[in-house]
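Remarks on the structure that follows.
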Amino acid sequence: MTQPPKHDPDYNYGYLDEATKRMLRRSLLKAIAIPGYQVPFASREMPLARGWGTGGIQITAAIIGPDDTLKAIDQGADDTTNAVSIRRFFARVTGVATTEETTKASLIQTRHRIPEEPLRDGQILVYQVPLPEPLRKLIPSESETRKIHAWAEYGPIYVRLYEDIAQYGEVTSTYSHPILVNDRYIASPTPIPKFDNPKMHMSPALQLFGAGREKRLYAIPPYTKVKSLDFEDYPFTLQRWDEPCALCGSTTSYLDEVIINDANERMFVCSDTHYCETRRGEGHEGPQLTKAQSVHLTGSAP
Amino acid sequence: MIEQAPLLRVQNVTRLYGGRVGCRDTSFNLWPGEVLGVVGESGSGKTTLLRSLAGFEPPDEGTIHFRRGEKDHDIYALDEANRRAMMRTEWGMVHQNPRDGLRLDVSAGGNIGESLMARGDRHYGKMRARVTDWLQRVEIDSSRIDDSPKSFSGGMQQRLQIARVLVAEPRLVFMDEPTGGLDVSVQARLLDLLRVLVRDLHLAAIIVTHDLAVARLLTDRLIVMKDGHIIEEGLTDQILDDPHHAYTQLLTSAVLSA
Amino acid sequence: MYLAVKGGEAAIAATHQLLAETRRGDLTVPEVTVAQIKEQMALLVARVMNEGALYDEDLAALALKQAQGDVIEAAFLLRAYRTTLPRLGSSEPLDTTVMAIRRRISATFKDLPGGQVLGSTYDYTHRLFDFALTGSDNETEAVAAPEALDDVMPRVLDILGDEGLIEREAPLGRDATPEDITRDATTFPAGRAARLQSLSRGDEGFLLGLAYSVQRGYGHNHPFAGEIRVGEIRVCLTPEELGFDIDIGDITITECQMITQFTGSKEVPPQFTRGYGLVFGHNERKAMSMAVVDRALKGTELGETPTYPAQQQEFVLYHCDNVEAAGFLEHLKLPHYVDFQGELELVRRMRTEQSASTKVETP
């Protein structure tokens with residue numbers, strides 16, 4: 001854990017003014033009260049671009065406090081450009097402690113993944129959401145989709161699953177697989193791989209979702225039922241890999257494919273970089289760890 | 001075969017559009033299992049009336065009651081959620097242009113299946129069986145189940161639309177010129193099919209048409225409309241064989257001379 | 001070879017340094033000042049203020065310098081700053097009949113009370129290069145008008161309104177709080193105020209294209225430029241605790257009112273309808289585009305069926321914001337390894353299964 005300097009005095013704590021934070025908190029309370037329902041909110045401009053996590057950043061800005069420890073990940077990794085940028089932003093405007101350790105974080109802002117380490121009571125997972133409307137690809141009009149949610153007329157979204165099975169013999173979604181929250185609202189899990197969907201079900205952590213450009217918030221309170229859409233005779237399934245993580249040997253984590261040389265040789269490694277490092281620290285070794293060290297896949301940049 | 005209470009009660013319905021009269025002060029009843037034809041030339045307000053009856057556009061005046069169970073529901077006094085639920089489960093609409101009633105980017109099977117999924121079916125295999133059965137009932141080769149309706153002829157698209165509506169087991173079907181835009185030989189086959197389906201399923205139907213041959217073949221009772229008014233109504237054979245109103249006489253003679 | 005799974009922090013810091021160096025350019029060329037941009041690139045500054053939704057010429061000029069002249073990036077800087085400002089209140093409605101006119105023209109009347117005032121414009125210039133501008137000695141003094149302009153200039157559409165020829169527009173009551181799209185998420189159908197606000201900060205190029213599509217027939221209306229006026233106007237605020245209004249400064253604005261024919265409906269006799277555009281600074285093209293699109297978006301209220309893009313509220317309002325659009329488009333540069341991995345795995349597996357089944361079928 002690193003201790004950054006106190007917050008930049010040129011900006012209000014958390015960047016946003018207090019009235020805006022109160023507006024966000026009210027919207028969040030509504031979202032938590034109606035799990036899976038998309039609450040319109042007056043999304044503010046942020047110094048990071050739309051589509052780069054402004055929804056998640058606004059949520060974090062509204063709920064972060066001096067006692068928090070923040071972890072920011074993008075694609076499961078703490079060290080990709082956008083995660084670095086968001087972590088630095090909050091270090092600057094709040095001065096909170098940041099960490100890469102999932103267990104030590106009280107607040108985790110994420111894009112496209114849920115950490116492998118199971119979350120616990122009291123933690124908050126903030127998702128950055130590009131397109132909050134799970135029906136948008138079928139029905140372009142917002143007025144129409146809001147009615148469909150209001151009346152739970154969810155026939156059209158099952159048509160997508162039906163078409164997949166009819167054409168390919170299986171449901172072909174690999175990420176953004178829609179979820180039914182608390183038996184009522186269909187919601188988008190954001191583009192997390194469907195591998196992560198089961199982690200949302202009855203999670204002890206509070207899950208908050210922010211779509212800045214689309215100006216919508218939604219939430220899954222702790223211990224809420226989350227069902228991935230499927231048919232009775234075609235139950236929801238997860239993707240699997242034939243090999244373990246090349247670095248830490250994990251057989252249960254989501255793996256990214258990495259091309260390691262010009263000969264197109266590749267290896268599969270944990271997408272959750274901190275989880276992978278922790279396992280290696282504990283002495284776990286993947287089949288290609290030695291080889292990976294020779295191409296700088298495991299250490300710091302030269 | 002006709003039960004005690006009417007299925008649909010239309011009372012003093014007036015519907016204006018674009019400064020013109022769609023229909024004025026229109027009243028009639030429809031009984032369970034009855035097929036009612038609405039005839040009149042283009043622009044006489046038939047389609048406007050049908051859209052109001054089917055829940056799409058409220059009338060400017062008057063009421064429309066639909067009987068479900070022991071209770072008559074004023075469909076425009078219901079909130080939108082309840083009205084939509086009734087539109088989904090109690091009645092269906094067959095559009096003149098099948099493209100208005102189908103999803104062209106979804107397979108034929110998906111189009112029929114959507115009606116089942118909309119009412120909560122969640123078993124792929126069982127749905128698939130019902131969809132296959134319905135394709136056969138509307139005389140579409142079941143090997144076409146996964147094909148896009150875009151590759152279907154106009155007649156096939158219309159039969160697919162009918163299957164999509166009827167699979168939901170409605171008690172009432174609205175049809176707007178269901179054979180319009182089809183070749184004469186295709187029309188005949190479709191009419192035959194509709195006649196059989198309506199009879200076998202004991203459906204009530206309201207069919208808007210300007211084609212008296214369609215009316216004679218499918219309907220039990222007729223309403224003749226002119227300038228937004230009902231000018232004549234009665235049993236179909238009676239009206240077509242012995243029209244009283246001058247306008248009806250003109251309509252029937254136009255058919256005879258054609 | 002792919003190396004940098006780690007090392008993001010250092011790499012990002014280095015790009016920031018490189019950006020600063022690139023921005024400055026050749027050190028033998030003098031550095032442009034913010035004041036120069038503000039004074040000599042005023043039309044560009046106006047565009048940035050509009051799309052950045054903040055009237056501040058100095059900050060807009062600084063934003064342009066910092067963004068190397070990238071308009072959307074500059075507008076983004078203004079917006080990101082604007083969002084940190086507390087909202088103290090709403091100004092009183094602007095009365096544009098009493099603005100200090102710099103330019104005022106009507107395309108519908110040859111002469112009118114107050115006259116046609118041509119002002120400063122490129123409209124009547126030949127687009128030929130003025131190579132004198134490659135030098136630095138360009139001082140010209142304009143000729144003063146023989147007499148001062150009228151203090152009050154009636155708006156052309158008000159003149160038509162007195163005859164009842166143009167649709168009435170009911171002003172909000174004095175105590176009514178205007179909608180504010182930066183404080184409430186827009187819901188659909190969107191009210192006129194929300195629409196006008198979105199258009200006013202919308203992308204000039206996008207609105208121009210939409211307005212053009214209306215003119216070419218994708219929108220069923222033929223607009224006339226009833227009036228365009230440019231000038232300075234006083235902005236006043238009435239603080240609750242004072243109870244009277246105070247002058248908080250002058251801003252330059254461009255206002256455009258378009259006139260479009262309307263054939264009437266069952267309730268309304270034939271009359272003209274209006275489209276309204278109001279933007280910061282001198283920017284006639286934007287104000288005109290806005291007015292044409294505003295009229296197109298009123299279609300539903302006038303009983304027209306929205307058929308074309310310019311008439312569809314959700315299409316126009318969701319997509320006219322260039323800062324949002326640019327952010328989302330450019331987010332495609334962010335890593336998508338995880339989602340792509342899912343697709344890759346699926347395609348491979350399905351290909352494997354397909355080739356396996358083909359083998360079985362072919363003996």
Side-chain angles (χ1 to χ4, degrees), chain A residues 11-12 15-17 19 40-47 49-52 54 74-77 79-85 111-113 130 141-143 168 172 174-176 191-195 213 215-216 239 241 254-262 271 273 295-297 299-302, chain C residues 1-12 15 52-53 76-87 180-189 312-315 318 321 323-346 349-350 353:
Chain A
Y11 296 94
N12 192 36
Y15 192 76
L16 296 169
D17 62 279
F41 79 109
S43 179
R44 297 293 194 261
E45 311 287 349
M46 296 302 285
R50 291 295 195 212
W52 300 59
T54 56
D74 184 349
Q75 310 279 311
D79 200 34
T80 46
T81 52
N82 206 43
V84 170
S85 165
R111 174 172 173 266
H112 296 202
R113 275 309 310 274
S141 162
E142 169 72 7
S143 330
Y168 307 109
T172 58
T174 56
Y175 58 92
S176 262
I192 58 170
K194 68 180 185 181
F195 179 88
R213 188 179 41 79
K215 304 174 182 63
R216 296 290 183 275
Q239 55 254 84
W241 286 263
Y254 190 89
L255 303 182
D256 278 341
E257 184 169 338
V258 181
I259 300 171
I260 54 174
N261 59 27
D262 298 345
S271 126
T273 50
V295 292
H296 313 291
L297 260 169
S300 303
Chain C
M1 190 186 291
Y2 186 93
L3 294 179
V5 163
K6 278 280 178 184
E9 298 253 5
I12 292 169
T15 72
F76 185 5
L77 283 166
L78 273 195
R79 294 240 199 131
Y81 171 71
R82 179 193 196 279
T83 194
T84 65
L85 302 175
R87 156 129 324 200
D180 182 345
I181 59 165
T182 68
R183 290 294 184 269
D184 294 296
T186 305
T187 52
F188 294 94
Q312 291 164 352
Q313 284 194 11
E314 290 194 26
F315 182 84
Y318 270 130
D321 190 308
V323 175
E324 293 189 346
F328 195 51
L329 178 95
E330 294 185 36
H331 109 283
L332 296 175
K333 293 184 275 190
L334 285 179
H336 286 78
Y337 321 135
V338 165
D339 337 4
F340 187 69
Q341 187 62 49
E343 296 287 77
L344 199 58
E345 186 266 344
L346 176 74
R349 190 165 50 74
M350 292 177 73
E353 283 164 12

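Since this is a predicted model, take the numbers as computed values, not measurements. All chains are named by letter (A, B, ...) in the order of the sequence lines, taking the proteins before the strands, and each is independently numbered beginning at 1.
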Which bit of E343(C) is near chain A, if near means a heavy-atom gap under 4.5 Å: side chain, backbone, both or neither? both

Among A83(A), P47(A), G76(A), A19(A), the residue with the most heavy-atom pairs under 4.5 Å to chain C is P47(A)

Give, as side chain, backbone, both or neither, the part of Y254(A) having an atom under 4.5 angstrom from any heavy atom of chain C. side chain

Less than 4.5 Å to any heavy atom of chain A: does that hold for the side chain of L344(C), its backbone, both, or neither? side chain

Region of L255(A) in contact with chain C, defined by heavy-atom distances below 4.5 Å: backbone

Under 3.5 Å, is there a donor-acceptor pair between the side chain of T15(C) and the main chain of I12(C)? yes

What part of Q313(C) gets within 4.5 angstrom of chain A, counting heavy atoms only: side chain, backbone, both, or neither? neither

In terms of side-chain geometry, is the basic nitrogen of E324(C) or K215(A) positioned less than 4.0 Å from the acidic oxygen of its partner? yes

Partners of D256(A) by side-chain hydrogen bond (donor to acceptor under 3.5 Å, both in side chains), sequence neighbours excluded? none

Whether Q239(A) side chain and L346(C) backbone form a donor-acceptor pair below 3.5 Å: no

Of the listed residues (P40(A), S141(A), P193(A), S176(A)), which shares the most heavy-atom pairs with chain C below a 4.5 Å separation? S141(A)

Ranking T172(A), D17(A), T174(A) by heavy-atom pairs under 4.5 Å to chain C gives rank one to T174(A)

Taking atom CZ as the centre, does F188(C) end up with more than 12 heavy-atom neighbours from other residues, nucleotides or ligands that are less than 6.0 angstrom away? yes

Do R213(A) side-chain atoms and P130(A) backbone N/O form a donor-acceptor pair below 3.5 Å? yes

Could you work out, with side-chain hydrogen bond (donor to acceptor under 3.5 Å, both in side chains) as the rule, every residue matching R216(A), not counting sequence neighbours? E142(A)

Please check: side-chain N/O of S271(A) versus main-chain N/O of Q75(A), any donor-acceptor pairing under 3.5 Å? yes

Report which part of R87(C) has an atom under 4.5 Å of a heavy atom belonging to chain A: side chain, backbone, both, or neither. neither

Contact origin within R44(A) toward chain C - heavy atom pairs under 4.5 Å: both

May I ask you to name which of L85(C), I181(C), D180(C), T182(C) has the most heavy-atom pairs under 4.5 Å with chain A? T182(C)

Please check if atom OH in Y318(C) has more than 12 non-hydrogen atoms from other residues, nucleotides or ligands closer than 6.0 Å. yes

Greatest number of heavy atom pairs closer than 4.5 Å to chain A - which of L332(C), T186(C), T84(C): T84(C)

Heavy-atom pairs under 4.5 Å with chain C, option from T54(A), L16(A), N82(A) with the top count: N82(A)

